Amino acid sequence: MSNIAVTSSQPSPKWDSKQVIPLLLLVALIALPAVQFFGNHNYVIHVVLFAFLYITMSSSWNIIGGYGGFISIGHNVFFGIGAFFSGFIFARYGISPFYTALLAGLVATVFGFAVGLITLRVRGPSFIISSIALLMIFRIVFDRWELVGAAHGITLPHNSLPVEWSKVPHYYALLILMVAAIFLSWSVRHSKFGLALRAISHDEIKSEVTGINVRMIKVTAFALSAFFIGAAGAIWADYLTYVRPNIFFIILIAANMVLMCILGGKGTVTGPIIGTIVMIFFNEFILAQFGASELNIFLTGLLLIITLLYFPEGIVGSLKQRNLLPRFLDWG
Amino acid sequence: MLKINNVSKSFAGLLAVDQCSFAIREGTISALIGPNGAGKSTLFNCISRIYPVDSGEIYYAKNRLDLLPPHRIARLGIGRSFQLTRTLDHLSVTENLALHTAGGFGSHLLQRGVTPNDKQRADEIMEFLGISALADLDMGSLSYGQKKLLDLGAVLMADPDLILLDEPAAGVNLRLLENIIEKLVALKEQGKTILLVEHNMDVVMGVSDDVIVMSAGRIIATGKPSAIQNNPDVLEAYLGRNT
């Protein structure tokens, strides 16, 4: 009793690790491109911006897959839509994807809403199969669509910056998208919308009789999850300087989003972030040690199996269950 | 207040509810009873539109419930519980209760999951039910009886005018049962209308103003508890023709 009184009488600190550490990390990430003043560190910039890309996508996927419980293995359709939309406008009208990325996100969102109205009528294996079918349909359509270059896709102009600075615009664009996607994921997790979504993931009938418009919540979550994936697709198209169906409409991209989310802890805000960092940096480490072989795929698979054996709810989810999660990672 | 008019519902040829009609008066407790398989829960599910009716109409005030989706029915002020508790164990106790204040779609996007108002309302309800000690527990750690009480609490969160309770006394101990009965009477005194499906005849006869009896999908009797107790059709349905 006395302990409670003492604790409650002390004013809570204005800043704690929950805010300070993420803010310091953000400042460090903003400052990172300054390393280019001391030499060409394009590889470091590339790996970090690649992590930004996948954190953006896995955090977005987490909205429908983690909170909503709908495992979509075709979510990179929105990545491709964003890439082709902005790539086409860039190639035809010369408007850079940096200006059209948010519009590309909006197009992906509208499309996500329309697709969600159809596919979210089912869940479980049926939904998973429908998401894969969607991806296959897109691959087939874009492979044959002459207007967007069919199988050859669209080639985009390089930017005119010196080679050591050429990745920096993409770095900052993806950093902004990543922060915004994490913020959206956090907002959904802590909103009544997110509460409804988490309820729906376990019991749709119960949710419906509490007054929740289950269908609208599911479809909106699906559409929201598409926005930043579409926007990231636009920036990634500019980064690669080409958009091709066999680059954007492959199941590996969606599988990566799902695996990163599951590894970190789906349904948590920081899980996709941690899962992405672990997978990308582990993969890069293996590539650096053993070169470009199939070994990195084998060892990444092994990492996933071993991690999920000891952390069945993902790294963040399981640490939270055991009350071992560092405070700065506990965002709900 | 609630009017069921010639409602029928069948599943693959099995007629679960057959031309049922009855009305529930405002501010009363009515019990829907009958042997297992009589169609009580099916009728409940028709009222809350979990099952669409095959024919007939269900009126609540001036609204045709059989034409509305379940979430719209809930927002009209109709709350319901389930025969088997459907609490969401991955959510906290307070989140389980706050879920019932979902409101319109816009509020979903703009409000926090558990607002201060939700918290206050949840605290009031848990105090009313005598389960304030459960507030900080995980839903998954509660006993079946505690979940049953919280199920009732969850229904009350949205302050419904019509409360549908599917076997609220099933599987709970005697002390908890007395608590539930006490709360049902208190809710009626607050002006709530309650329709309950129940097998426990002590509860039915103790709290009900009206009793509706179903057997093999049909309504076989309606009336005051005292009249129902001696109704030969009801005795036959429960005890068999030879007794």
Side-chain angles (χ1 to χ4, degrees), chain A residues 4 63 66-69 109 113 121 183-225 227 265-269 271 312-314 317-318 320-323 331-332, chain B residues 44-45 47-51 65 68-82 84-92 94-115 117-118 138-140 151 154-160 163-164 166:
Chain A
I4 294 168
I63 293 173
Y67 305 143
T109 304
F113 195 87
R121 289 170 183 272
F183 179 72
L184 177 68
S185 171
W186 180 87
S187 301
V188 167
R189 172 65 179 75
H190 293 281
S191 68
K192 212 168 263 300
F193 176 82
L195 179 60
L197 196 55
R198 287 187 293 140
I200 288 167
S201 76
H202 280 69
D203 192 337
E204 290 196 11
I205 290 175
K206 163 83 178 181
S207 303
E208 184 84 27
V209 299
T210 64
I212 294 169
N213 187 342
V214 168
R215 190 169 182 221
M216 194 52 74
I217 293 281
K218 286 191 297 189
V219 174
T220 305
F222 194 74
L224 277 179
S225 73
F227 181 80
K266 73 183 176 75
T268 64
V269 179
E313 298 295 320
S318 293
K320 193 171 182 177
Q321 265 185 354
R322 297 169 200 168
N323 291 322
W331 296 2
Chain B
F44 243 48
N45 287 334
I47 295 170
S48 50
R49 192 78 181 11
I50 290 171
Y51 299 150
L65 298 189
L68 295 174
H71 67 273
R72 292 274 305 278
I73 290 173
R75 289 182 203 166
L76 287 175
I78 301 175
R80 72 157 290 178
S81 71
F82 290 87
L84 298 171
T85 57
R86 295 181 85 137
T87 51
L88 300 163
D89 289 352
H90 66 301
L91 302 181
S92 71
T94 309
E95 283 177 328
N96 261 276
L97 295 178
L99 202 59
H100 290 252
T101 60
F105 182 66
S107 68
H108 276 101
L109 287 165
L110 302 173
Q111 286 184 346
R112 283 187 66 81
V114 180
T115 65
N117 282 345
D118 293 339
D138 289 331
M139 203 70 196
D151 218 19
V155 172
L156 299 179
M157 267 302 277
D159 198 20
I163 300 169
L164 310 173
D166 199 348

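Scope of the values below: all heavy atoms of this structure, side chains included, with no hydrogens, waters or symmetry mates. This structure is a prediction, so every number in the text was calculated from the model and none was measured. Order of the sequence lines fixes the chain letters, A, B, ..., with proteins taken first and strands second; residue numbering starts at 1 for each chain.
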Exercise. Got a second to check how far B:Arg86's CZ is from A:Thr210's OG1, nearest 0.5 Å?
Worked result: 11.5 Å

Of the listed residues ([options]), which shares the most heavy-atom pairs with chain A below a 4.5 Å separation?
{"options": "B:Val114, B:Asp89, B:Leu91, B:Thr87", "result": "B:Leu91"}
{"options": "B:Glu95, B:Arg49, B:Arg80", "result": "B:Glu95"}
{"options": "B:Pro69, B:Pro70, B:Ser48", "result": "B:Pro70"}

Exercise. So, B:Asp151 and A:Lys206, do they make that salt bridge, N to O below 4.0 Å?
Worked result: yes

Exercise. Between B:Ile73 and chain A, which part of the residue has a heavy atom less than 4.5 Å away: side chain, backbone, both or neither?
Worked result: neither

For this session: Classify the angle between the aromatic ring planes of A:Trp186 and A:His190 as parallel (below 30°), tilted (30 to 60°) or perpendicular (above 60°).
Result: tilted

Exercise. Hey, is CZ on B:Arg72 packed in by over 12 heavy atoms from elsewhere, all under 6.0 Å?
Worked result: no

